[in-house]
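Atom set for the values below is all heavy atoms of this structure, side chains included, hydrogens, waters and symmetry mates excluded. Note that the coordinates shown come from a computational prediction; the quantities given were computed from them, not determined experimentally.
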Amino acid sequence: MPLALLALAVGAFGLGTTEFVMMGLLPGVADDLRISIPTAGHLVSAYALGVVIGAPVLAALTARLPRRTVLISLMALFVAGNALSALAPGYHWLLAARFLSGLPHGAFFGVGAVVATNLVAPERKARSVSLMFMGLTVANIAGVPVATLMGQHLGWRATFLGVSLIGVAAMAAVALLVRRADTPAPVLGLRGELTALRSLPVWLALATTVVGFGALFSAYSYITPMLTGPAGYADSDVTLLLALFGVGATAGNLIGGRLADHAMRGTLFGGLVSMVVVLLLFPVLMHTQWSAALAVTLLGVAAFVTGSPLQLMVMERALAGPSLASSANQAAFNLANAGGAWIGGVALAAGFGATSPALAGAALAVLGLGVASVALTVDRRRAVPSAVQERVVASHVPDPTGLVRSS
C-alpha cells in the first residue's frame, strides 16, 4: 500500500479526535463558560451540522480543483476551526467555531476516499478506503482518551490547540506524500458530480448508510448508561470500555476492507446481519461485566465491517462524479448519528429499559438489510437490459471477413 494512504489516515485521525472528544470535554466547557451541560451539548450538534452542510457544499465548490489541493485546503480549514475553538471568548463564538471545524470533515473523507482508490489496483480499492478510515477508528482508541485527559489537566482550550497541531501534521503529510500526478482535477467538474447524484442506485446506497449506521448510533449513544446500569461498571471504567469499542471498530474496518475487495455486497449484508445479532444479544450480554465488554467490542467490529463497502458502493454507483457522492455519504453517516440517537432516546424515554436502544438499533439494522436488498434488486434489473443491449449490438456488428456468423 502506498505511503500516501498514511497521510490520509493522519487527517482522518485528527478529524475523528475532534469529532468525538467534545463528549468528554462537556463538563469542563460548561463550567468554564458558565452554561448547562445540555446547552454545551449543542456544541456536538454544531459540529455534526457543519459536517452535513459542508460535505456536499465544499465537494461541489472544489469540483474543478486538483484533489491534492482540495485535501490540503480542507485540512487548513480544519486547523483554523480548531484554533478558533481554542481562542473562543464565549459560548456563541465556540458554537460558530465548532460548526466551522465540522465543515471540512465530510468533504475530506469523501475526496480522500476517491484519492485512496486511485492510488491502488482495482482489486484493492476497499482495502485502501479501510486504511484511510483506520485513522478515524484509531482516534477512538488513542486520540480521544489522550485529548480528554489533556482537557482535564490542561483545560479544554489546550485540547483544541493540540488537535490543530494534528491538522498541521496532516497538511504536511499530504503535501509530502500525495503526488500531484495521482490527484488531477476531475474532468467533468461540478456538472458531472451533480449528474451522478440523479441516480437511484446512489440514493439507495446513501439510504443504506443512514439506516445501517443509524443502528449503531441508536445503541452507542446510550452505551454509558448501559455499562453503568445493568452491567454494573463504575463511571471511571467507561473510558477504557469505549477504547475497546475503538479496538473492535479498527478490527472490523480492516476485516471489512479486505473482504469487500472479494465480495462487496456479501460483506455489506454480512455486516448488517452481524449487527442485528449483536444488538439483539445486548439485553443478555449487559448483565455481567465480562460479557458487556465483549458486547461493546463486537458492536465495533460488526458496525465497521460495513464502512468500506458502503463507501465503495456509493462511489461505484457515481462513477461520473464520485467526489460529491462520496462526500454525501459522509453527510449520511452524520444523519445516521443524529437519527439513530433520537430513535434510541425514544425507546429509552418510553420506559422499555436501559438496553432498549440496542433493540431499536436491531430493528434499524433489519431495515438497513431491506434497503440494501432493494438496492441489489435495482442493480440487477438495470444490469439485465444493459447485458441484453450489448448482445443485440454485438449480434449486428458487421463482419468484413465473413468468417463469423451473427448470433
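Other residues, nucleotides and ligands contribute more than 12 heavy atoms inside 6.0 Å of the CZ atom of Arg157.
Counting only heavy atoms from C-beta outward, the side chains of Thr208 and Leu310 approach each other to under 4.5 Å. Between Leu8 and Leu71 the shortest side-chain heavy-atom distance falls below 4.5 Å. Within the 4.5 Å cutoff, the side chain of Val296 has heavy atoms near those of the Ile223 side chain. Two residues are said to be in side-chain contact when any heavy atoms from C-beta on lie closer than 4.5 Å; Leu244 and Leu241 meet this criterion. Between Val378 and Leu200 there is a side-chain heavy-atom pair separated by less than 4.5 Å. Side chains of Val79 and Ile166 form no contact here, defined as non-hydrogen atoms less than 4.5 Å apart. Under the 4.5 Å side-chain criterion, counting only non-hydrogen atoms from C-beta, Ser85 is in contact with Arg98. At least one side-chain heavy atom of Pro283 sits under 4.5 Å from a side-chain heavy atom of Leu359.
A donor-acceptor pair under 3.5 Å is absent between the side-chain atoms of Arg127 and the main chain of Arg258, judged by distance alone. When atom types are taken as modelled, the side chain of Gln311 and the backbone of Val129 share no donor-acceptor pair closer than 3.5 angstrom. Not a single donor-acceptor pair under 3.5 Å links the side chain of Thr209 to the backbone N or O of Asn329. Side chain of Thr159 to main chain of Ala147: a donor-acceptor pair is present (N/O by atom type, distance under 3.5 Å, no hydrogens or angles). Within the 3.5 Å criterion, the main-chain N or O of Val70 finds no donor-acceptor partner in the side chain of Thr62. Between the side chain of Asn253 and the backbone N or O of Phe304 there is no donor-acceptor pair closer than 3.5 Å. Judged purely by atom type and a 3.5 angstrom limit, Arg317 has no side-chain atom pairing as donor or acceptor with the backbone of Ser199. The main-chain N or O of Gly214 is never found under 3.5 Å from a side-chain atom of Ser218 such that the two would form a donor-acceptor pair. Put simply, the side chain of Asn140 never gets that close to the backbone of Leu242: no donor and acceptor are under 3.5 Å apart. Under the 3.5 Å distance criterion, the side-chain polar atoms of Tyr222 are matched with a main-chain donor or acceptor of Ala341.
With sequence neighbours left out, Arg265 forms a side-chain hydrogen bond (donor to acceptor under 3.5 Å, both in side chains) with Asp379.
Scanning all heavy atoms of the two residues, the minimum distance from Gly368 to Val211 falls at N-CG1, 3.4 Å. The shortest heavy-atom contact between Leu58 and Ala107 is CB-CB, 4.0 Å. Closest approach of Thr267 and Ala263 over heavy atoms only: OG1-O, 2.7 Å. Taking all atoms of both residues into account, the shortest heavy-atom contact from Ala347 to Pro357 is CB-N, 4.4 Å. Among all heavy-atom pairs drawn from Glu19 and Asn334, the shortest one is OE2-OD1, 3.5 Å. Looking at every heavy atom in both residues, Pro230 comes nearest to Pro225 through CD-O, 3.6 Å.
Taken from CD in Glu316 to NZ in Lys125, the straight-line distance is 6.0 Å, to the nearest 0.5 Å. To the nearest 0.5 Å, atom CG of residue Leu33 and atom CG of residue Leu95 are 11.0 Å apart. Here the straight-line distance linking atom CG of Leu294 with atom CG of Leu285 works out to 6.5 Å at 0.5 Å rounding. Distance CG/Leu268 to CG/Leu369: 8.0 Å, rounded to 0.5 Å. Leu74 CG to Ser327 OG: the interatomic distance, rounded to the nearest 0.5 Å, is 8.0 Å. Taken to the nearest 0.5 Å, the CZ atom of Arg124 stands 13.0 Å off from the CG atom of Leu119.
Note on residues 242-300: pairs passing ring pair (Phe, Tyr, Trp, His ring centres under 6.0 Å), not counting sequence neighbours, are Tyr220-Phe245. Identified under the ring pair (Phe, Tyr, Trp, His ring centres under 6.0 Å) test for residues 65-114, with sequence neighbours left out: Tyr47-His105, His105-Phe109, Phe109-Phe133.
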What verdict does the side chain to side chain contact (heavy atoms under 4.5 Å, CB included) test give for Arg67 and Asn118, after you've listed the backbone C-alpha separation in whole Å, the side-chain angles of each residue and the deciding distance to 0.1 Å?
CA-CA 11 Å; Arg67 291 181 176 128; Asn118 288 337; 3.7 Å; yes

Take Leu206 and Val210 through the side chain to side chain contact (heavy atoms under 4.5 Å, CB included) test and state the conclusion after the steps.
CA-CA 6 Å; Leu206 293 173; Val210 173; 5.6 Å; no

Test side chain to side chain contact (heavy atoms under 4.5 Å, CB included) on Leu94 and Leu84; report intermediate values, then the result.
CA-CA 8 Å; Leu94 181 57; Leu84 289 173; over 6 Å; no

Dump the intermediate steps for side chain to side chain contact (heavy atoms under 4.5 Å, CB included) on Thr137 and Met134, then the final yes or no.
CA-CA 5 Å; Thr137 58; Met134 189 169 69; 4.1 Å; yes

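Inspection of the Asn82 and Thr18 side chains reveals an N or O donor paired with an N or O acceptor under 3.5 Å.
When the options Asp32, Asp31, Val21 are evaluated for a side chain to side chain contact (heavy atoms under 4.5 Å, CB included) with Trp156, the one that passes is Asp32.
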